[in-house]
Amino acid sequence: MAPPRSNVPKPGRTLLALFVVMAALTGVMFLQGQPTPKLGLDLAGGTTVTLTAKTAGGRTPPAAQMDQAVKIMTQRVNGLGVSDAEVAKQGSSNIVVNVPGEGQDRVVQLIGTTAKLQFRQVYTVADGKPAGAASPSPSATPTAKGDKDKNGKDKEEGKTPSPSPTASTTPRGRALSEALAAAPTPTPSASGSGDPPSPKPSATPSGLPSGLPTDLTSPDAAGADYSGIDDKEVIKQFEALNCYVPDKRVPGSNDANRKWVAACDQKEENGQVAKYILGPVRVLGEQVSDASAMPPDATQGQSSWWVSMKFKSQGGRQFGEVTTDAYRAYQQNPGSPRSQVAIVLDGQVVSAPSISRGAITGGTAQIDGPPESFTQTYATDLANVLKYGALPLEFTQSSIDEVSSTLGSDQLRGGMIAGAIGLVLVVLYCLLYYRGLGLVAVSSLLVASGITYVSVVILGENMGFRLSLPHIIGLIVSIGITADSFIVYFERLRDELRAGRTLRPSIEVAWKRARRTILVADAVTFMAALVLYFLAVGGVRGFAFAMGLTTLIDVVVVFFFTKPLVGLLSRTRFFGRGHPLSGLDPKRLHKAAADTAAAVARPKSPKSPKSQEA
């Protein structure tokens with residue numbers, strides 16, 4: 001007895017595997033909580049914002065800087081995973097940004113953020129109220145027993161803290177090298193010690209952040225240390241600065257040539273905002289080579305999301321120098337504000353960590369803070385703007401408008417009607433010409449439509465893909481591309497039957513000859529879509545993406561559904577014996593072939609005598 005052949009096709013297993021994959025993708029679609037596709041700007045509306053470049057004296061900004069700003073804004077949009085957004089220059093000084101969907105204020109704000117990053121050494125820090133003004137009322141920001149300030153100490157100086165245990169916290173933000181993240185602390189931090197620091201002018205009791213006045217109820221920042229600061233205007237600005245009122249929280253200068261800068265903390269923390277006098281710029285944001293948002297990591301003491309930065313070689317040396325100076329200040333006086341290095345973004349202090357573990361020379365740094373402020377969204381946005389660099393110009397929002405989706409809804413309805421008409425015509429043609437075999441084509445179209453729908457929904461939730469009118473046009477065009485693959489296979493199969501072969505051998509022979517044609521045709525279509533996607537912009541790019549996606553899905557459907565389904569149906573009596581309505585009737589095919597051959601071979605009729613006389 002001959003052993004069974006191992007190359008016998010098993011269409012049932014192939015179909016089962018495809019349906020399992022489709023079921024898994026459908027489950028993912030429902031588990032992610034988004035069972036419908038996201039729509040683009042032209043279908044669902046969105047936000048349009050016009051950004052105007054700020055220049056000295058209102059001069060026209062250089063065209064090269066405007067082009068660079070458009071490029072950086074586009075990179076930021078792509079980094080956020082927002083699809084179908086448009087960033088375009090309008091005139092000589094305006095940039096128009098179109099963002100699809102509602103609630104895109106975060107995206108719009110992030111796109112226009114200048115994101116100029118500077119590292120400056122702290123020289124003075126105080127509570128954020130202006131000199132001569134009362135401290136924020138306790139009734140407005142009540143402080144419960146055991147509440148902590150930004151250094152982890154009780155906010156109410158002189159009061160006995162709650163006896164209940166509280167976890168010690170670190171100052172908002174830290175800057176550590178990866179090598180030092182797990183290193184033992186050589187010198188105990190002042191905020192972690194029970195003994196007061198040395199009685200030096202800039203030292204304060206351990207219950208307060210370094211540099212803040214010893215009595216938070218004092219009306220001004222008279223306890224601040226101004227030694228070494230030779231700019232009286234900055235001192236006046238620092239004393240008048242009110243960081244508790246957002247409208248009066250004037251950001252520090254983005255000018256890297258400014259030696260001294262007065263700046264506020266970017267965010268409130270436990271109802272308190274600090275203000276600083278910062279020294280010269282020591283490291284510029286242009287020296288950051290990469291930045292990425294990282295999740296909480298208990299092994300490195302990270303209880304919240306944080307941002308990991310890598311410096312270029314020059315930036316690594318500069319960062320090592322400023323942390324060396326800060327660490328020396330810490331060794332001389334652990335309570336000195338000059339042991340802090342401020343990370344300044346667009347003139348506001350993101351964090352001002354105290355360098356208490358030694359100079360950082362590894363070329364990397366970390367920015368983090370408490371979980372309530374350093375969320376995943378904040379860390380991702382911060383890493384995004386740092387990664388792609390600062391805008392070469394500062395921009396203001398000239399206008400911001402919500403785009404209606406009324407017109408898009410009408411166009412969507414028209415597109416769906418056109419698609420339905422095209423699909424019905426293809427189905428009718430397949431059923432009339434291929435009869436029972438046309439049911440295979442219709443089933444294949446339905447499977448391809450289902451896979452396409454699930455793919456669009458999953459891509460929309462995980463990659464920000466949004467369905468727009470150009471995408472819909474690409475999907476409608478793909479109906480014909482998909483039908484072409486079925487027709488190629490069916491015609492090869494019918495040719496084999498006309499040649500006198502039986503159905504089952506004809507299926508395999510026809511498939512071997514047809515699949516090469518199908519792959520070549522789909523490869524040409526996919527390469528055309530690929531080239532169009534990378535060279536085009538806007539709607540044409542969306543059309544190319546949809547056409548490329550459906551071309552890949554066509555290959556999957558033909559290989560894993562159409563061909564196995566034909567093989568499975570060949571084992572039935574209706575198709576296997578060539579029923580007249582199956583579309584695979586050998587007699588009908590032979591008769592059609594004979595009629596065609598006779599028509600080709602039939603000689604032309606002789607001309608009539610009248611025509612000859614003429």
Phe574/Leu581 under side chain to side chain contact (heavy atoms under 4.5 Å, CB included): CA gap, chis, key distance, verdict: CA-CA 8 Å; Phe574 182 79; Leu581 295 179; 4.0 Å; yes

Criterion side chain to side chain contact (heavy atoms under 4.5 Å, CB included) against Thr14, the qualifying member of Phe19, Phe561, Phe560: Phe560

N/O donor to acceptor pairs below 3.5 angstrom from side-chain atoms of residues 450-465, sequence neighbours left out:
residue : atom : partner : partner atom : Å
Thr452  : OG1  : Ala448  : O            : 2.7
Tyr453  : OH   : Pro35   : O            : 2.8
Ser455  : OG   : Ile451  : O            : 2.7
Asn462  : ND2  : Gln32   : OE1          : 3.2
Asn462  : ND2  : Ile458  : O            : 2.9

Which heavy-atom pair separates [X] from [Y] by the least distance, and what is that distance?
| X | Y | answer |
| --- | --- | --- |
| Ile507 | Gly567 | CD1-CA, 4.1 Å |
| Thr550 | Ser478 | OG1-CB, 3.1 Å |
| Ala383 | Ala293 | CB-N, 3.6 Å |
| Ala441 | Phe486 | O-CE1, 3.7 Å |
| Arg435 | Pro580 | NH1-O, 3.2 Å |
| Met66 | Ser92 | CG-O, 3.7 Å |

Indicate yes or no for a side-chain donor-acceptor contact from [X] to the backbone of [Y] under 3.5 Å, with no hydrogens or angles considered.
| X | Y | result |
| --- | --- | --- |
| Ser289 | Lys310 | yes |
| Asp346 | Lys116 | yes |
| Trp305 | Pro296 | no |
| Thr572 | Leu568 | no |

Do [X] and [Y] make a side-chain contact, defined as non-hydrogen atoms from C-beta onward lying under 4.5 Å apart?
| X | Y | result |
| --- | --- | --- |
| Ser292 | Met294 | yes |
| Tyr429 | Val427 | no |
| Val96 | Val49 | no |
| Val440 | Ser444 | yes |
| Leu16 | Arg13 | no |
| Thr482 | Val557 | no |
| Val447 | Thr562 | no |
| Asn94 | Lys89 | no |

Nearest 0.5 angstrom please: [X] [atom1] to [Y] [atom2], how far?
| X | Y | atom1 | atom2 | result |
| --- | --- | --- | --- | --- |
| Leu497 | Ser506 | CG | OG | 4.5 Å |
| Arg516 | Ile518 | CZ | CD1 | 12.5 Å |
| Leu565 | Leu18 | CG | CG | 10.5 Å |
| Cys430 | Ile487 | SG | CD1 | 6.0 Å |
| Met73 | Leu51 | CE | CG | 5.0 Å |
| Leu382 | Leu117 | CG | CG | 8.0 Å |

Arg501 with Glu508: basic N within carboxylate O range, under 4.0 Å: no

Check ion pair Arg513-Glu496 (N to O, under 4.0 angstrom): yes

Phe545 and Tyr533 aromatic ring geometry - parallel, tilted or perpendicular at 30°/60° bounds: tilted

is_close_aromatic(Tyr489, Trp511), centroid dist under 6.0 Å: yes

Cation-pi check, Arg494 onto Tyr433 ring (under 6.0 Å, within 45° of axis): yes

Side chain to side chain donor-acceptor pair (under 3.5 Å) between Ser485 and Asp554, worked out: CA-CA 8 Å; Ser485 300; Asp554 172 48; 2.8 Å; yes

Side chain to side chain contact (heavy atoms under 4.5 Å, CB included) between Val288 and Phe311, worked out: CA-CA 4 Å; Val288 176; Phe311 292 103; 4.0 Å; yes

Stepwise side chain to side chain contact (heavy atoms under 4.5 Å, CB included) check, Arg466 with Leu39: CA-CA 5 Å; Arg466 290 180 177 271; Leu39 301 180; 5.7 Å; no

Side chain to side chain contact (heavy atoms under 4.5 Å, CB included) evaluation trace for Arg515 with Lys563: CA-CA 10 Å; Arg515 67 185 177 188; Lys563 192 269 176 180; over 6 Å; no

Donor on one side chain, acceptor on other, Ser399 and Thr50, under 3.5 Å: yes

